[in-house]
Amino acid sequence: MCIGRFVFGIGGESLAVAQNTYAVSWFKGKELNMVFGLQLSLARIGSTVNMNAMQPIYDSIAKSSAFADAPSYQVLGVSLYIAMFTCLFSLACALGLAFFDWRAKRILKTSAATTGETITLKDMKTLLLSGKLWLICGICVAYYVTVFPFVGIGLVFYEMKYQMPHATAGIANSLVYILSAACSPVIGFLIDKSGKNIFWVMAGTLLTLGCHALFAFTFATPFLPTIIMGVAYSVLAASLWPLVSYFVPENQLGTAYGIMQSVQNAGLAAISQLSGSLVDNNGYLILITFYLVSPLTPVSSQHPQ
Ligand SMILES: NCCCC[C@H](NC(=O)[C@@H](N)CCCCN)C(=O)O
């Protein structure tokens with residue numbers, strides 16, 4: 001299982017790096033934030049479908065006559081085969097993309113996704129010494145550790161703190177992603193219109209901070225902070241990722257996004273473990289208080305644009 005998850009991580013995150021780099025190469029100076037919003041929206045539709053569909057798929061396979069007496073690992077295996085088809089669909093889309101890129105290159109007599117230059121060791125050194133890149137990595141990791149691990153443990157949180165039935169807790173927990181799927185492209189469009197990415201990054205961070213404060217210190221309906229968090233997350237993601245392209249030259253973008261995602265994932269791996277241990281040993285109040293403090297890092301590390 002660990003090997004499978006390792007390969008899955010390499011595939012998924014490399015795909016995300018390539019996606020970001022292509023998006024910048026094709027849409028920089030045009031509607032880049034909206035394109036990131038659209039990517040985000042589709043990714044979150046995928047996450048929501050995955051969160052809500054896998055259990056019913058597993059249950060219906062287990063109940064089918066063909067698998068009536070099958071051990072659970074076999075039922076799980078068949079469910080994962082279904083998931084494999086979505087990966088094949090993704091591969092087909094990537095091949096389509098490669099075709100369009102090749103065609104654009106032929107027609108425009110240029111490399112469509114790159115400037116043709118490749119990164120040199122000197123560029124790499126300049127990139128690694130760039131304070132702006134590390135600030136963006138800091139914002140990224142400090143923000144994302146308050147959202148992804150929160151959604152990861154959200155189901156049990158809503159059940160325990162708000163005494164919600166399992167199904168209602170599931171809906172509440174998916175709301176962050178459902179809202180992000182719905183509003184990210186619109187938010188991206190608005191960010192393109194205003195052009196003030198850093199302002200939007202700060203707004204997303206502060207709104208999320210407010211949501212964690214409501215979760216931690218009140219018993220008011222959890223739907224309000226959850227809805228605000230969905231919007232705030234969309235605002236942050238649609239404004240933060242395109243920011244890299246404003247100061248990193250095109251031939252170094254892939255490396256820059258790779259570094260950003262490595263830092264993000266290192267933080268997520270550590271904080272997911274810490275979240276579990278904080279819940280088990282200290283309860284949800286301490287965990288949410290921790291989430292409350294983490295976004296202060298992005299707020300304090302931002303400069304006016
Ligand atoms: N490509 C659109 C911008 C990136 C959005 C960002 N992506 C990530 O954080 C990646 N590391 C993939 C994460 C997958 C989560 N299970 C996002 O907000 O999803």
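Whatever order the structure lists them in is the order used to number ligands and atoms, beginning at 1. Owing to the predicted nature of the structure, the values given are computational and were not obtained by experimental measurement.
Between the side chain of N173 and the backbone N or O of G170, no donor-acceptor pair lies under 3.5 Å. In this structure, the side chain of K30 engages the main chain of W26 through a donor-acceptor pair within 3.5 Å.
The other members of the hydrophobic cluster of I82, by chain and number, are M54, I57, Y58, I61, F67, V75, L76, V78, L80 (side-chain heavy atoms under 4.5 Å, ILVMFWY only). Hydrophobic cluster of L224: the remaining members, joined at side-chain heavy-atom separations below 4.5 Å, are L207, I228, listed by chain and number. Cluster partners of L214 are absent, since no Ile, Leu, Val, Met, Phe, Trp or Tyr has side-chain heavy atoms less than 4.5 Å from it.
The contact shell of ligand 1, taken as protein residues with any non-hydrogen atom closer than 4.0 angstrom, comprises E13, Q19, N20, F36, Q39, L40, R44, Y144, F148, Y233, W241, Q261, Q264.
Remark: K28 is not positioned above the aromatic ring of Y246, lacking an NZ or CZ atom under 6.0 angstrom from the ring centre and at most 45 degrees off the axis.
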